[in-house]
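Both backbone and side-chain heavy atoms feed into the values below; hydrogens, waters and symmetry mates do not.
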Amino acid sequence: MPDTRELTMAEAIREALAEELSRDPTLFLMGEDIGRAGGVFNVTAGLQDEFGKDRVMDTPISEAGIAGLAVGAALTGMRPVVEIMFSDFLTLAMDQIVNQAAKLHYMTGGQARVPLVIRTGMGAGRGAAAQHSQSLQAWMAHIPGLKVVMPATPYDAKGLLKSAIRDDNPVIFLEDKMSYSLKGPVPGEDYTIPLGVADVKRTGRDVTLVATSSMVQVALSAAEVLAGEGVSAEVVDPRTLKPLDKEAILESVKKTGRAIVIDEGYLSYGVTAEIAAIIADEAFDYLDAPVKRIGGADVPVPMAPALEAATIPNRRQVVETARGLFGR
Amino acid sequence: MPDTRELTMAEAIREALAEELSRDPTLFLMGEDIGRAGGVFNVTAGLQDEFGKDRVMDTPISEAGIAGLAVGAALTGMRPVVEIMFSDFLTLAMDQIVNQAAKLHYMTGGQARVPLVIRTGMGAGRGAAAQHSQSLQAWMAHIPGLKVVMPATPYDAKGLLKSAIRDDNPVIFLEDKMSYSLKGPVPGEDYTIPLGVADVKRTGRDVTLVATSSMVQVALSAAEVLAGEGVSAEVVDPRTLKPLDKEAILESVKKTGRAIVIDEGYLSYGVTAEIAAIIADEAFDYLDAPVKRIGGADVPVPMAPALEAATIPNRRQVVETARGLFGR
Amino acid sequence: MSDVVDLDKALLRQLYCRMRLIRRFEETAEELYKRGTVVGLLHLYIGEEAVATGVCLALNEDDYITSTHRGHGHLIAKGGDVKRLLAELCGRVTGYCRGKGGSMHAADLRLGILGANGIVGGGFGIATGAALSAKKRNSGQVTVCFFGDGAANQGIFMEVMNMAALWQLPVVYVCENNHFGEYTRFDEATVASQPIGARAAAFGLPTVQVDGNDVIAVYKAAKEAVDRARAGGGPGFIEARTYRLRGHHMGDVGFGRRYRTKEELADRWRQEPVARFRAWLLENQVFSESELAEIEATVEAEMQEAVDYANGSPVPDLTELTEHVYA
Amino acid sequence: MSDVVDLDKALLRQLYCRMRLIRRFEETAEELYKRGTVVGLLHLYIGEEAVATGVCLALNEDDYITSTHRGHGHLIAKGGDVKRLLAELCGRVTGYCRGKGGSMHAADLRLGILGANGIVGGGFGIATGAALSAKKRNSGQVTVCFFGDGAANQGIFMEVMNMAALWQLPVVYVCENNHFGEYTRFDEATVASQPIGARAAAFGLPTVQVDGNDVIAVYKAAKEAVDRARAGGGPGFIEARTYRLRGHHMGDVGFGRRYRTKEELADRWRQEPVARFRAWLLENQVFSESELAEIEATVEAEMQEAVDYANGSPVPDLTELTEHVYA
Ligand SMILES: Cc1ncc(C[n+]2csc(CCOP(=O)(O)OP(=O)(O)O)c2C)c(N)n1
Ligand SMILES: Cc1ncc(C[n+]2csc(CCOP(=O)(O)OP(=O)(O)O)c2C)c(N)n1
Ligand SMILES: [Mg+2]
Ligand SMILES: [Mg+2]
C-alpha cells in the first residue's frame with residue numbers, strides 16, 4: 001500500500017534521516033543545535049528524542065572541527081551526516097571538505113573511503129543579509145571528489161538524501177531555506193533517487209528551462225505564464241550538479257533549440273556558466289538562439305527586503321528572457 | 001631612461017613589493033616564512049633585511065588568523081599584502097576572505113574599506129600532489145567584492161601587482177608556481193597596469209585562444225604550431241578574471257569566429273565555463289564553431305609525474321582542439 | 001556590587017544612561033519586530049547590558065571594538081547613534097549601512113565600531129588586526145573584541161591569541177558568557193571544568209572573570225586591561241558572566257522554553273543588571289529617584305526620536321543594489 | 001636516559017629496530033631523491049625517530065594514527081611496509097597510494113594509519129573523528145594524532161580538543177616540537193612563555209612534556225596516555241621535545257643555514273636519538289655489539305629489498321588518472 005502523503009521539504013528530509021538512522025546503525029548526525037532544539041529550521045526535530053544523543057549529536061560552534069571529525073569518523077566505519085547550519089559557514093570548513101574529504105580516496109590510491117553527507121541551508125529570502133544567504137554550490141561542484149545535490153521538491157529531497165547517505169563518497173546536500181515549507185507528495189515507503197539523473201519537471205517544445213533547487217518553482221511558474229503566450233517551455237531539473245546529467249539537458253535542448261539556465265548562486269563564474277557552456281558547445285548545431293543565464297545578482301546579499309528580493313532570480317526575469325529568445 | 005631588464009616573474013613581483021613598500025608607509029607584508037627565509041619560492045627574499053620585521057612579518061601557521069588580522073588592519077588604515085603560501089591553503093581562510101573581506105564594504109553601506117592583497121601560489125607541476133597543486137581562481141572570481149588577478153608575464157606581474165596594492169578592495173593575486181622562473185622584460189621605473197584590461201598577447205585572424213596565467217605560454221606555443229599549419233591564432237589574456245574585460249574577448253572572437261578557452265583550474269564549473277558561456281551568448285551570431293574549453297583534469301592532482309602532467313592543459317590539446325574547430 | 005562609591009558621578013550617570021538606553025532600545029526593537037517594522041534576524045541583548053557598557057566606557061572615543069550578531073549593546077555603549085541603528089534594523093537607507101547590512105552588520109567606522117558580525121567568531125581576526133594596525137601606527141588605540149561563550153570554540157580564537165601574545169598587541173578579548181549558544185547550554189558545548197580564560201592564560205594573557213551583571217565590576221576589570229594594553233602591556237582577557245534573558249533571537253519561541261525552565265529564567269531576572277545598578281545608585285545615594293527619572297526621561301525621548309526617525313525614513317532605492325560592491 | 005632497564009627485551013629490540021629502520025629509510029630516500037628516483041616534496045624525519053617509535057609501540061595494531069607531511073617515521077613505526085612506502089615516494093603504482101599520493105599522503109588503512117597530510121594541522125579533525133568513531137563502535141581503539149609545533153597554531157587544534165574533552169574521546173595528541181616550522185624558529189611563531197601543553201590543559205587534558213630524543217621516556221609517556229584513553233579516561237596530550245636534523249625539506253639548502261648555525265646543528269647531532277639509544281642498550285648490556293650489528297643487518301636487508309622493489313616497479317598507467325576520484 002504505497003502510502004503517499006503531502007509533506008513539507010523539511011518533513012521529507014526528516015523522514016529520510018529517521019528511516020536511515022533506523023536502517024543503518026553506523027549512521028549518526030552531528031551539528032549545531034540539531035539535537036534537543038531540532039535545528040534552527042526544525043528539520044531534525046524529535047530525532048534526538050527518538051534516537052538518543054549518540055546518534056543525534058549537538059556540537060560546539062566549530063565548523064572546521066565538526067567537518068574534520070566527520071571525515072575521521074567516515075574513514076573508520078561510521079557514516080556521519082553533518083549539518084552546517086547556513087551554507088555561508090561552509091567557508092569555515094573548506095579545508096576539511098575540499099582538501100581532506102574530497103581527495104582522500106584518490107590520494108590514498110583508493111584505500112580510504114569517506115561516506116559523509118553535509119547538509120546545509122542555502123539561499124536568500126529571509127532578510128538575513130550577506131553572511132547568511134549565500135548559495136555556494138558552484139564552489140562545491142568545482143571540486144573533483146565531491147557530489148553535489150540540490151533537491152527541488154519534498155519527493156526528490158527524501159529520495160536523493162537516501163542515496164546521498166548510502167553513497168560512499170562525500171556528498172554536499174544543499175537545502176533551500178525558503179523551500180523547507182514547500183509541500184508535495186512523498187511516499188511513506190523506502191525509495192531512492194539515483195544521483196546523476198535529471199528530472200523533467202514539465203515537458204515542452206519551444207524552450208528548455210534548466211533550473212536548480214528553488215529555481216525549479218520559479219521556472220515552473222514562468223512556464224505557466226509562457227504557456228499563456230503560446231510558448232511551450234520544458235523545465236529540466238538536474239537534481240545533482242555532480243554528477244551532472246548532461247545527456248538529459250542536451251536531449252531537451254536539441255528538441256527545443258533554446259535554453260535558459262537558472263540558479264540562485266552568484267551569476268558570474270556560477271553554476272549557470274557550466275551548464276550554459278556545455279549546451280552551447282554540445283548542442284551548437286541545434287541552437288536557434290544563444291543560451292541565456294539567470295543567476296543571483298553579483299552582489300553580497302543585502303538585508304533590506306526589496307533589495308534582497310532583487311538578488312533572487314524571479315518569474316518575470318525568466319519570462320522576459322524567454323520572450324527575448326523569440327524576438328518578442 | 002626607461003631601463004628595461006629581463007627579470008623573472010619572482011623578481012618582478014619582488015620589485016613591485018619593494019617599490020610599493022618604499023612608496024607607501026601603510027603597506028606591510030605578512031605570511032609564513034616570507035621574512036628571514038624570503039618565502040618558499042624566494043619571492044620575498046631580502047625584503048625583511050631591507051624594510052625590517054615590522055614591514056615584512058613572519059607569521060605563525062594560522063591561515064585564517066593571518067587573513068583575519070589583515071582584514072582588521074586594512075579596515076583601520078593599513079594596507080596589508082598577505083602571502084598564502086599555496087592557494088590550496090586559501091581553504092583555511094575562506095571565511096575571512098569571502099564573508100569578511102569581500103563583503104564589508106557592501107554590508108556597511110560603503111563605510112568600510114578593505115585594501116588588502118592576498119598573494120598565493122597556484123598550479124600543478126611540482127609533484128606536490130593534491131593538496132599543494134590547486135588552482136582555485138574560479139572560487140575567488142565567483143565572489144562579489146573580490147578582484148582576481150592572474151599575471152602571465154613578469155611585465156604584467158609587476159604592473160598588475162602595483163594596481164592591486166593601490167586598489168581599495170580585496171584583491172586575490174594568483175601566482176603560477178611554475179612561472180616564477182619565467183623571464184621577460186620589465187621596466188625599472190614605476191608603472192601600473194589597470195585591473196580589468198585584457199591584453200592581446202598575439203594577434204591572429206582565425207581562432208581566438210583565451211588563456212590565463214601560465215596557459216598564456218601554452219597558447220602562444222600552440223599558436224606557433226598552428227601558424228605552421230596555416231591557422232592564425234589570436235591569444236587573448238584577460239589578466240584579471242574580475243573585473244573581466246569581456247569586450248576585448250568578444251571583439252577578438254567576433255573577428256575570428258572561433259574560440260578556445262584555457263585555464264588550469266578544474267574544468268567543471270571552472271573559469272573556462274564563465275568565459276565560454278559569455279562568448280557563446282554574446283558572440284552567438286559570429287561563431288563558426290562551438291566554443292571549446294580546456295581546463296585542468298577533473299581529478300585531485302596526482303603526485304606521479306606523468307599523471308600530474310596529464311592534468312595540466314598542454315600545447316598538444318590546444319592544437320588538436322583548434323584543428324577540430326576547422327574540421328581537421 | 002561593591003559598597004564603596006569610588007567612581008565619579010558623571011561616569012556613573014553615563015553608565016546608567018547607556019545601560020538604560022540599550023535596554024529600551026532592545027525593547028523597542030522587539031516591539032517593532034512584532035509589528036513587522038524591524039526586519040531580518042534579531043538577537044536581543046537584554047540582560048547583558050552591563051558588559052558592553054562597563055567595557056565601552058573604559059575606552060577612548062578612537063579606540064576600536066568588534067561586535068557580534070548580538071551587537072546593538074556594543075554599538076550603543078560605544079556611543080553609536082540609536083536613530084541610525086534603528087533605521088538600519090528597519091532596512092532604511094538612513095541606517096548605518098543604508099539598510100544593506102541590518103542588525104548583524106551595523107557599524108560606525110568613525111566611532112571605531114568595526115561592525116557587528118554574522119559569523120560567530122567573525123570579530124577575532126578583525127579585532128586583532130586592528131590592534132596590529134594601531135601598534136604599527138603607534139596610535140595608542142586599544143581594541144576590544146566582544147564575543148560569546150559559543151564563539152570561544154571557534155579555532156581562530158586561539159590563532160589570534162597566539163599572534164596577539166607573540167606581538168604584544170593592544171587588544172582585550174571580552175567573552176560574554178551568557179550561558180547559551182543558540183539553544184545549547186554553555187556546558188553542553190564548551191568544556192566547563194576549566195574557565196574559558198584558561199585558553200587565554202595558555203598564551204600568557206592576564207585573565208580575569210567578572211560578574212557581568214555588575215557594571216562597576218566590569219568597568220574596573222576593563223579599565224585595568226585596557227590601560228595595560230595601552231601602556232604596551234599586551235593583550236588581555238576578560239570573561240564576563242551574564243545571562244541572556246530573551247530567546248536566542250525573535251524566532252526562539254517562549255524565550256527558550258526548549259532548553260530552560262521558567263524558574264531558571266525568573267531567578268535570573270532577579271539579578272538583571274539594569275534594575276540592579278539602579279537600586280545600587282539609589283542605595284548608595286549617588287542619584288535620587290527623581291534624578292534617575294530624569295535620566296530615564298532623556299532616554300525615552302531619545303528612543304522616541306529614533307522611532308520617528310526610522311519610521312520616517314525611506315527604504316533604499318533599487319539602484320542601491322549594485323552600489324558599494326567595490327570601493 | 002633512565003639507568004634502570006624495566007622494559008622487556010623484545011620490546012627494546014623492536015624499539016631499536018624501528019628507529020634504525022626509520023633512520024635508514026630517510027637516508028635512503030634522501031639519496032634516491034638526489035638521484036631523481038624519489039620525486040615530489042620530501043620532508044625527512046631524521047633526528048625525530050624516537051617520537052614516532054616510542055609512541056607507536058605503545059599502540060595496538062588496530063589503533064589509529066594520523067600523521068603529517070613529515071610522516072615516514074610514523075608509518076614505519078606503526079608497522080608500515082617500507083617497500084610500499086618507498087615505491088610511493090618514487091611514484092610507482094606498487095606504492096601505498098598507487099603513486100598518486102606520494103610522501104605527503106602515504107597511508108595504510110589496514111594498519112590504522114589514516115594518512116600523512118599535506119595540510120599542516122590536517123590530522124586534528126581526522127584523528128579526533130576516528131576516536132569518536134571508536135567510542136561509538138565501542139571498539140577499544142585509541143587514536144594518536146601526531147603534529148608539529150607549527151601545527152599547534154592552527155585553530156582547529158583547539159576546536160577538536162574541546163570536543164575530545166567534552167565527549168571524553170580516546171585520543172592522544174602528540175606534539176613533535178622539533179623547534180622549527182619550515183624556516184621559522186619555534187619561538188618566533190609560537191608563544192613560548194607557556195608550554196604548548198597549556199593549550200591542552202585549558203581543556204582539562206592531562207599533559208606531559210617529554211624528552212623526545214629518549215625513546216624510553218616517550219614510550220612510557222605514550223603508554224600511560226594511551227592506556228588511560230583506552231580505559232575511558234579521555235584524551236591526553238604529550239609534547240615531545242626533539243630537533244629536526246635535516247632541512248625542512250630537500251629544497252632547504254645547507255640543512256637550514258638561513259636560520260641556524262653550524263654549531264647549533266653539531267650540538268644537536270650529539271643528542272640524536274638513534275645513536276643515543278644504541279649507546280644506552282650497550283651500556284646497560286641489553287644487547288651486545290654483535291646483537292646490535294645483527295639487528296642493523298636485518299634493517300639493511302629490508303631497506304635493500306625496498307630499494308629493489310621500488311626500482312623494479314612500474315609507474316602508474318595513464319588510465320589511472322581518472323580512477324579513484326569516486327569510490
Ligand atoms: C560560524 C557560525 N556558525 C553558526 C552560526 C549560527 N549562530 C548564530 S548565533 C549562534 C550562537 C552564538 O553563541 P555565543 O557565541 O555564545 O553568542 P550569544 O548568541 O550567546 O550572544 C550560532 C550558533 C553563525 N552565525 N556563525
Ligand atoms: C595549512 C598549511 N600551511 C602551510 C603549509 C606549508 N608548510 C608545510 S610544513 C610547514 C611547517 C610545519 O611545521 P611543524 O608543524 O612544526 O612541522 P615540522 O615540519 O616541523 O615537522 C609549513 C608551514 C602547509 N603545508 N599547510
Ligand atoms: Mg552565548
Ligand atoms: Mg616543527
Side-chain angles (χ1 to χ4, degrees), chain A residues 31-42 44-46 48-49 53 57-68 85-86 88-93 95-96 124-134 266 268 296-312, chain C residues 36 38-42 69 88-93 95 97-106 116-122 148-157 180-185 188-191 248-249 251-252 256 258-259 315-326:
Chain A
E32 295 161 12
D33 299 296
I34 65 165
R36 184 167 28 170
V40 288
F41 300 110
N42 260 329
T44 52
Q48 190 180 73
D49 282 346
K53 288 195 173 189
M57 299 179 73
D58 282 314
T59 68
I61 308 172
S62 308
E63 281 79 8
I66 297 166
M85 200 183 286
F86 288 75
D88 313 68
F89 312 159
L90 288 173
T91 52
L92 289 147
D95 168 51
Q96 300 302 319
R126 289 176 170 261
Q131 294 174 337
H132 282 73
S133 304
Q134 288 172 92
Y266 304 121
S268 291
D298 278 327
V299 306
V301 177
M303 197 281 289
L307 295 186
E308 182 189 29
T311 67
I312 310 172
Chain C
V38 164
V39 286
L41 286 179
L42 186 64
H69 57 285
E88 186 59 34
L89 269 53
C90 299
R92 307 302 164 106
V93 72
C97 310
R98 309 185 66 78
K100 291 156 107 163
S103 165
M104 285 195 294
H105 305 293
N117 214 303
I119 299 298
V120 169
D149 49 293
N153 296 324
Q154 288 286 25
I156 190 173
F157 176 34
F180 297 95
E182 289 202 347
Y183 317 125
T184 299
R185 298 187 72 96
E188 291 172 327
T190 308
V191 165
H248 167 60
H249 62 33
D252 183 0
R258 280 182 285 186
Y259 50 83
V315 299
D317 192 88
L318 268 186
T319 58
E320 287 268 342
L321 180 66
T322 50
E323 274 167 33
H324 305 305
V325 179
Y326 292 96

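Most heavy-atom pairs under 4.5 Å with chain A, from the set Asn117(C), Asp317(C), Ile156(C): that is Asn117(C). In terms of heavy-atom pairs under 4.5 Å with chain C, the best-connected choice from Arg126(A), Met85(A), Glu308(A), Glu32(A) is Met85(A). Among Gly127(A), Gly38(A), Pro60(A), Gly35(A), the residue making the largest number of heavy-atom pairs under 4.5 Å with chain C is Pro60(A).
Shown here for Ala306(A) and Leu318(C), the closest heavy-atom pair between the two residues is O-CD2, 3.9 Å. Closest non-hydrogen pair, Ala297(A) versus Leu321(C), comes out as CB-CD2, 4.4 Å. Of all heavy-atom pairs spanning Tyr183(C) and Ala37(A), the tightest one is CD1-CB, 3.3 Å. Here the closest non-hydrogen pair linking Met303(A) and Leu89(C) is CE-O, 3.9 Å. Here the closest heavy-atom approach between residue Ala129(A) and residue Gly101(C) is recorded as CB-O, 3.5 Å. For Ala304(A) against Gly91(C), the heavy-atom pair with the smallest separation is CB-O, 3.8 Å.
His132(A) NE2 to His105(C) NE2: the interatomic distance, rounded to the nearest 0.5 Å, is 7.5 Å. Remark: Ile61(A) CD1 to Thr190(C) OG1 distance equals 7.5 Å, nearest 0.5 Å. Here NZ of Lys53(A) is found 5.0 Å from CD of Glu188(C). Values are rounded to the nearest 0.5 Å.
Residue contact with chain A, scored on non-hydrogen atoms closer than 4.5 Å, is absent for Val315(C). Neither the backbone nor the side chain of Asp252(C) comes within less than 4.5 Å of any heavy atom of chain A. Contact annotation for Ala64(A): neither backbone nor side-chain heavy atoms come within less than 4.5 Å of a heavy atom of chain C. Neither the backbone nor the side chain of Met57(A) comes within contact range of chain C, judged by heavy atoms closer than 4.5 Å. Using a 4.5 Å cut-off between heavy atoms, Glu63(A) touches chain C through backbone and side chain atoms alike.
In this structure, Ile119(C) and Thr91(A) have side chains that are not in contact, with every pair of non-hydrogen atoms separated by 4.5 Å or more. Residues His248(C) and Val40(A) have side chains not in contact (no heavy-atom distance under 4.5 Å, counting atoms from C-beta outward). Using a 4.5 Å heavy-atom cutoff, the side chains of Arg36(A) and Arg185(C) are in contact.
Using a distance-only test at 3.5 Å, with no hydrogens or angles considered, a donor-acceptor pair links the side chain of Asp33(A) to the main chain of Thr184(C).
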